[in-house]
Number of protein chains: 2
Amino acid sequence: MQAIRTAMAAMHQRSEAIPPVSPAVESLVRQVIAQVADKWTMLVLEALEEHGTLRFTEVGRIVGGISQKMLTKTLREMERDGLVVRTVHPVIPPHVDYTLTELGRELSAAFCGVWTWAETYYAEVSAARKAFREREEA
Amino acid sequence: MQAIRTAMAAMHQRSEAIPPVSPAVESLVRQVIAQVADKWTMLVLEALEEHGTLRFTEVGRIVGGISQKMLTKTLREMERDGLVVRTVHPVIPPHVDYTLTELGRELSAAFCGVWTWAETYYAEVSAARKAFREREEA
DNA sequence: TGCCATACGCACCAAAAGGAGAGTGTAAGA
DNA sequence: TCTTACACTCTCCTTTTGGTGCGTATGGCA
């Protein structure tokens, strides 16, 4: 068990990989990645990219299967990170709409490759899963 | 409250967006995206892309801050989805190594854009967060 | 003789994510 | 007058995520 403790301690040390960038930047980039590499964020990004400015319920309808709670949370975090602009029209009933910022549009473009990958290879992923299942059943 | 029930019911309907692709494909792509858009998956992908074949503990050390449990889980899911090959050398102490498949390398390339985005814009995200914090403190 | 190394699996627990449902405020339409 | 619309917020609850610590097999080294 001492062995494991040692291994774990080593794991929590700084990675010695990717020397060109500083550890501080590394850490920040990882933080940003972790926040942004989220299912709902990707879906909302897509919806806004495709449809331009949308209202709260419209985003929910287009994304599909998201609860109000998660929609609010996701949108707020995206606003906080500067990915969307939230515009409140002080009327009753309330009217709020969301638009991608330049930063958001850039991120959406960056994710484009992942969407394309998924569309291109989902059949292969399915096949790999099937093969894996059969292999472990045996 | 009936209003909310109606809105929620509408939200859970199928999205009418993106007509070019079939709903079945849409759903599969979303599933794949949801699995793959994961912090640890992205980090492990990066590590393997940069260093080629790696052993279990090496992956852990390079990724940094991941527990053995999550590392095992992430690696298994990636194997299941056909992103990595797991090779067991039946010796004692055990020796297992992991290599990206072509599929994995393609995905890594697709994520490259997101990494670049994060590296390019993390300062702007930080600034946006700071501004947001100050705005809501007021 | 006895300890170490590796890549896990398992059990237990805490924290976070996420869903369901109710409540809110008020102007305009039935 | 009663309901509806919208964009939430709040509470309660379940599920998932993730961490910690333990056990394991055994050839080789001290």
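In the text below, chain A, chain B and the rest are named by the order of the sequence lines, each starting its count at 1.
A:F56 and A:V88 fall within the same hydrophobic cluster, where Ile, Leu, Val, Met, Phe, Trp and Tyr residues are linked whenever their side-chain heavy atoms come under 4.5 Å apart, directly or through other members. When hydrophobic clusters are built by joining Ile, Leu, Val, Met, Phe, Trp and Tyr residues whose side-chain heavy atoms come closer than 4.5 Å, directly or via intermediates, A:Y98 is not grouped with B:F132.
Of the two residues near DNA chain C, A:P94 and A:K69, the one whose nearest nucleotide lies more 5' is A:K69.
Distance, B:I92 CD1 to C:dT6 C1': 10 Å, rounded to whole Å. Spacing between atom NZ of A:K39 and atom C1' of D:dT17 amounts to 15 Å, rounded to whole angstrom units. At whole-Å resolution of the value, CZ in B:R86 and C1' in C:dT6 are 12 Å apart. Atom NE2 in B:H95 sits about 17 Å away from atom P in C:dA5, given to the nearest Å. Between the CG atom of B:L71 and the C1' atom of C:dT6 there is a distance of 13 Å, given to the nearest Å. Going from atom CE of A:M70 over to atom C1' of C:dA16 covers 10 Å, rounded to whole Å. Distance CD (A:Q68) to P (C:dG21): 12 Å, rounded to an integer number of Å. At whole-Å resolution of the value, CG in A:D38 and P in D:dT17 are 12 Å apart.
Under the 3.5 Å distance criterion, the side-chain polar atoms of A:S108 are left unmatched by any main-chain donor or acceptor of A:G104.
An OP1 or OP2 oxygen of C:dG9 is reached within less than 4.0 angstrom by a side-chain nitrogen or oxygen of B:R76. OP1 and OP2 of C:dA7 both lie 4.0 Å or more from every side-chain N or O belonging to B:T72. Look at A:S67 and you won't find any side-chain N or O under 4.0 angstrom from OP1 or OP2 of C:dA20. Side-chain N/O atoms of A:R55 include one lying less than 4.0 angstrom from OP1 or OP2 on D:dA7.
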Dot-bracket for DNA chain C: what is it, with Watson-Crick or G-U pairs under 3.5 Å, [ ] where a pair crosses earlier ones, and | for a pair to another strand?
||||||||||||||||||||||||||||||

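Side chain of A:Y98, nearest nucleotide from D:dC8, C:dA17, D:dT17: D:dC8. Looking at the side chain of B:K73, the nearest of the listed nucleotides D:dT17, C:dA5, D:dA7 is D:dT17.
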As a quick check of understanding, evaluate salt bridge (Lys or Arg N to Asp or Glu O under 4.0 Å) for A:R80 and A:E77, giving each step before the final call.
CA-CA 5 Å; A:R80 186 198 54 174; A:E77 284 175 359; 5.1 Å; no

Apply the test side chain to side chain contact (heavy atoms under 4.5 Å, CB included) to residues A:V63 and A:L71: give CA-CA distance (whole Å), side-chain angles for both, the deciding distance (0.1 Å), then the verdict.
CA-CA 9 Å; A:V63 167; A:L71 186 53; 5.5 Å; no

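For the pairing with B:L48, the side chain to side chain contact (heavy atoms under 4.5 Å, CB included) check across B:L83, B:I62, B:L54 returns one residue only, B:L54.
With sequence neighbours excluded, no residue forms a side chain to side chain donor-acceptor pair (under 3.5 Å) with A:T101.
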